[in-house]
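Data first, discussion second: the structure below is written as structure tokens.
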Amino acid sequence: MVLLVDDDEDLVEMFGLLFTRHGIPHRGAHTLHEVKALGTDLARVTTAILDVNLGLNQPSGVDVAIWLRERHTMRIVFITGHAPEHPLVRAASGEHGEVLEKPVPTKLLLEIVRGER
């Protein structure tokens with residue numbers, strides 16, 4: 001299952017429609033609080049796609065990654081329009097993690113969630 005966390009509701013909905021169309025199980029969230037509320041569903045997540053910036057006065061995607069990694073094993077992929085080379089983002093993505101710049105091409109996103117890349 002794919003977890004997509006982004007503060008942009010339209011983006012979460014658009015990616016959700018893409019995943020549904022391609023038969024990819026997924027859950028969406030906009031904040032760390034919403035991620036935590038997913039409870040036992042998180043154990044099924046194999047890939048988390050996290051926006052780096054989740055909005056003013058909200059924990060960041062880096063905070064979400066840290067929280068997820070403390071509890072679950074999954075691939076972490078960051079998407080950002082701002083700081084793909086920021087050391088904190090690179091560190092949080094892990095040794096083999098990825099940081100993609102928005103807009104993320106649909107084909108690339110599907111390859112990532114299918115484990116083809």
Side-chain angles (χ1 to χ4, degrees):
M1 182 165 64
V2 174
L3 171 63
L4 174 64
V5 184
D6 197 301
D7 61 324
D8 183 333
E9 292 181 20
D10 291 335
L11 184 74
V12 172
E13 183 178 340
M14 182 184 70
F15 282 174
L17 290 171
L18 174 71
F19 296 150
T20 297
R21 189 174 318 127
H22 289 274
I24 299 167
H26 62 280
R27 295 295 302 262
H30 305 290
T31 65
L32 177 57
H33 178 75
E34 289 180 13
V35 170
K36 290 178 179 181
L38 294 174
T40 58
D41 278 354
L42 290 172
R44 299 182 335 185
V45 174
T46 57
T47 302
I49 301 170
L50 311 173
D51 187 8
V52 173
N53 183 356
L54 296 178
L56 188 61
N57 299 320
Q58 290 292 328
S60 71
V62 173
D63 296 316
V64 173
I66 292 167
W67 187 87
L68 287 170
R69 283 222 168 100
E70 289 173 351
R71 290 153 183 83
H72 304 283
T73 301
M74 65 185 65
R75 181 178 185 189
I76 302 286
V77 178
F78 284 100
I79 56 175
T80 182
H82 304 291
E85 297 300 322
H86 192 284
L88 253 159
V89 174
R90 286 284 172 199
S93 65
E95 183 178 339
H96 302 290
E98 293 187 63
V99 181
L100 306 174
E101 287 190 73
K102 290 180 182 178
V104 179
T106 302
K107 181 179 177 187
L108 174 60
L109 187 63
L110 289 172
E111 288 173 357
I112 288 171
V113 300
R114 289 178 175 151
E116 299 169 353
R117 178 183 145 106

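Because only heavy atoms are used, hydrogens play no part in the values below, and waters and symmetry mates are left out as well, while side chains stay in.
- Summarising the geometry, atom CG belonging to L11 is positioned 6.0 Å from atom CG belonging to L4; distances are rounded to the nearest 0.5 Å.
- To the nearest 0.5 Å, atom CG of residue L38 and atom NE2 of residue H33 are 10.5 Å apart.
- Put simply, OG1 on T31 and CG on N57 are 13.0 Å apart, with the number rounded to the nearest 0.5 Å.
- Under the side chain to side chain donor-acceptor pair (under 3.5 Å) criterion, T47 pairs with no residue at all, not counting sequence neighbours.
- A donor-acceptor contact shorter than 3.5 Å is absent between the side chain of Q58 and the backbone of L54.
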Working for side-chain contact (heavy atoms from CB on, under 4.5 Å), residues V5 and E34
CA-CA 9 Å; V5 184; E34 289 180 13; over 6 Å; no
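- Side-chain contact between V113 and I49: present, with at least one pair of heavy atoms (C-beta onward) separated by less than 4.5 Å.
- Closest non-hydrogen pair, F78 versus A65, comes out as CZ-CB, 3.7 Å.
- Between the OG1 atom in T80 and the CG atom in L50 there is a gap of 11.5 Å [rounded to 0.5 Å].
- In this structure, the side chains of V45 and L68 stay at 4.5 Å or more apart for every pair of heavy atoms.
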Show your reasoning for whether side-chain contact (heavy atoms from CB on, under 4.5 Å) applies to L110 and I24.
CA-CA 9 Å; L110 289 172; I24 299 167; 3.7 Å; yes
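- Taking OG1 of T106 as the reference point, atom CZ of F15 lies at 7.0 Å (rounded to 0.5 Å).
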Assess the residue pair I76 and R69 against the criterion (side-chain contact (heavy atoms from CB on, under 4.5 Å)); give the C-alpha distance rounded to whole Å, side-chain angles, the decisive distance to 0.1 Å, and a yes or no.
CA-CA 9 Å; I76 302 286; R69 283 222 168 100; 3.2 Å; yes
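- Applying the side chain to side chain donor-acceptor pair (under 3.5 Å) rule to R44 yields no partners; only residues at least two apart in sequence or on another chain are considered.
- For the side-chain hydrogen bond (donor to acceptor under 3.5 Å, both in side chains) condition, the pairs that include at least one residue of residues 4-27, sequence neighbours left out, are D6-K102, H22-R114, R27-D41.
- I79 approaches D51 most closely through the heavy-atom pair O-OD1, 3.0 Å.
- Residues A48 and M74 come closest through the heavy atom pair CB-SD, 3.6 Å.
- Across all their heavy atoms, G28 and V12 have their closest contact at CA-CG1, 4.0 Å.
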